[in-house]
Structures are given as structure tokens and as C-alpha cells.
Amino acid sequence: MDFFIARAGFVMRDAPSLGGYRNVRVARAALQGGRPVIGEQAGFQDALAGFGIRHAMRSGLLAARALLGGQDYRVLWRRELLPAIRAGVANRFVYSVLGDTGRGAVLARLDDVDAVAALRRLYRPTLLSSALFPLARLLLRRALRDRSCDHQGCRCVWCIHGDAAAASCSGDT
């Protein structure tokens, strides 16, 4: 705020304190009312770094293919996005287990290699990330919950209340 006040001359009165809750989730259907949902609204976000623009653009393209080409959106996104999303959840788990020392060592190692190639490999689904995903999802479960969902007439894309609840609340599972 200080930067914008100094540079742009903003005057703020009763400015609210802002913060956010980082929410990582794995979509169940990515449909609402039978229509494709894209980007972070559908849960397409990188669990490690929190970025969502790549998944947003790719899911938008997949939604267009589904709507214009009569393809099944669920099949498209599960085939093209889900493996990377699961790898990201496994990456987040490993990152959280490493601690500050381990994270520092990993980041220092990126200085010595082609970081783009290393990150590309990191997000490529592997046997290890596939094996870690169920454990990572279980242990990171708290972060996978949307605190705003109280299941009262909810329309969650990914409802955590179970498959039967998800079917009753969103109509799409």
C-alpha cells in the first residue's frame, strides 16, 4: 500500500486488512449445472506454487472443445490436466515434509541446472508422484477443504461431503 500511496497518490480511509486462504483441491467433476467450469473455480491450480493461469488457459480450451465439438469435458480434463494436478499435490507434500533446510537445498540446486527443464520434470507425472498422491492428499486434507462450504444448498464442484452428498448438492459427480 505504501508503494501505491507514494507513487499514485492514493488516499485510503478505513482500509481493510486483506489476506487470503490458500485452497488446494482436486475437482470431482468440474461441472456446474452440466456446464464446464474452468481455472481455479474448478480447482485447477498448482498445489506447489499456487499458480493457476496455465491450468485456466488449458481448461478453457478443453471447455471450448467440449462445448463446440461435443466432447465430454470430464474425459478431456481428467486426461489432460489431472495427472499434472496430482503431481502438484505430491510435490506440495514433499515440499512440506522437507522443512526449511531441505527447501533451501532444493532451491540452491536449481541455481546449478536449467531451472525450466528441472521444473518441467518435477511436474511430469511419475511412478513416485502417483504413489505419493494418495498419501499426500490424505495428509493435506485440511488444505483441500473449502471453508466457505457449509453444505446448505451448496453447489460445490468438488464437494468434500462425499460422493452421495456431491451428487445431491451439485447434480454432477
Side-chain angles (χ1 to χ4, degrees), residues 16-97 116-173:
S17 176
L18 300 174
Y21 171 72
R22 191 171 157 272
N23 189 9
V24 176
R25 63 183 190 252
V26 179
R28 290 182 185 269
L31 297 168
Q32 285 182 337
R35 292 188 175 88
V37 180
I38 65 169
E40 291 181 29
Q41 177 63 29
F44 302 145
Q45 183 177 7
D46 170 30
L48 179 59
F51 301 126
I53 192 67
R54 178 176 291 210
H55 290 321
M57 291 173 23
R58 290 184 69 202
S59 61
L61 177 63
L62 297 174
R65 272 196 223 154
L67 293 171
L68 299 173
Q71 297 180 49
D72 186 334
Y73 182 61
R74 284 185 254 194
V75 170
L76 291 172
W77 79 259
R78 285 180 177 155
R79 182 181 63 226
E80 297 192 29
L81 297 177
L82 188 57
I85 291 169
R86 286 182 170 202
V89 170
N91 291 339
R92 166 52 64 186
F93 170 69
V94 170
Y95 183 81
S96 66
V97 169
V116 172
L119 290 172
R120 203 173 274 139
R121 279 191 307 275
L122 183 66
Y123 283 97
R124 188 174 301 132
T126 64
L127 288 175
L128 179 61
S129 68
S130 296
L132 280 177
F133 174 75
L135 177 63
R137 188 172 186 190
L138 178 68
L139 295 177
L140 296 174
R141 195 67 169 159
R142 287 184 169 238
L144 296 173
R145 294 186 180 181
D146 183 348
R147 294 181 179 173
S148 68
C149 175
D150 63 4
H151 201 54
Q152 301 296 317
C154 97
R155 302 282 299 159
C156 291
V157 173
W158 60 282
C159 189
I160 63 166
H161 300 99
D163 291 336
S168 69
C169 79
S170 72
D172 302 309
T173 56

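These numbers come from the heavy atoms of this one structure, side chains and all, not from hydrogens, waters or symmetry mates.
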List in chain and number order the residues that pass side-chain contact (heavy atoms from CB on, under 4.5 Å) with [X], two or more places apart in sequence or in another chain; answer none if no residue qualifies.
| X | value |
| --- | --- |
| S130 | none |
| I53 | M57 |
| A66 | Y73, L76 |
| A87 | S129 |

Check [X] against [Y] and note the closest heavy-atom contact, atom names and distance.
| X | Y | result |
| --- | --- | --- |
| V37 | F44 | O-CE1, 3.8 Å |
| A56 | I38 | O-CD1, 4.3 Å |
| R78 | P83 | O-CD, 3.4 Å |
| R137 | V89 | N-CG1, 4.1 Å |
| A63 | P36 | CB-CB, 3.7 Å |

Just distance, no hydrogens or angles: give the donor-acceptor pairs under 3.5 Å from side chains in residues 116-124, sequence neighbours left out.
from	atom 1	to	atom 2	distance (Å)
Y123	OH	D46	OD1	3.0
Y123	OH	D46	OD2	2.8

Distance, nearest 0.5 Å, that separates CG of L62 from CH2 of W77: 10.5 Å
So does F133 get a backbone contact from the side chain of R86, meaning a donor-acceptor N/O pair under 3.5 Å?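 Pair absent, no side-chain N/O of R86 close to backbone of F133.
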Can you run down the side chain to side chain donor-acceptor pair (under 3.5 Å) pairs that involve residues 51-66, sequence neighbours left out, and say none if there aren't any? R65-E80
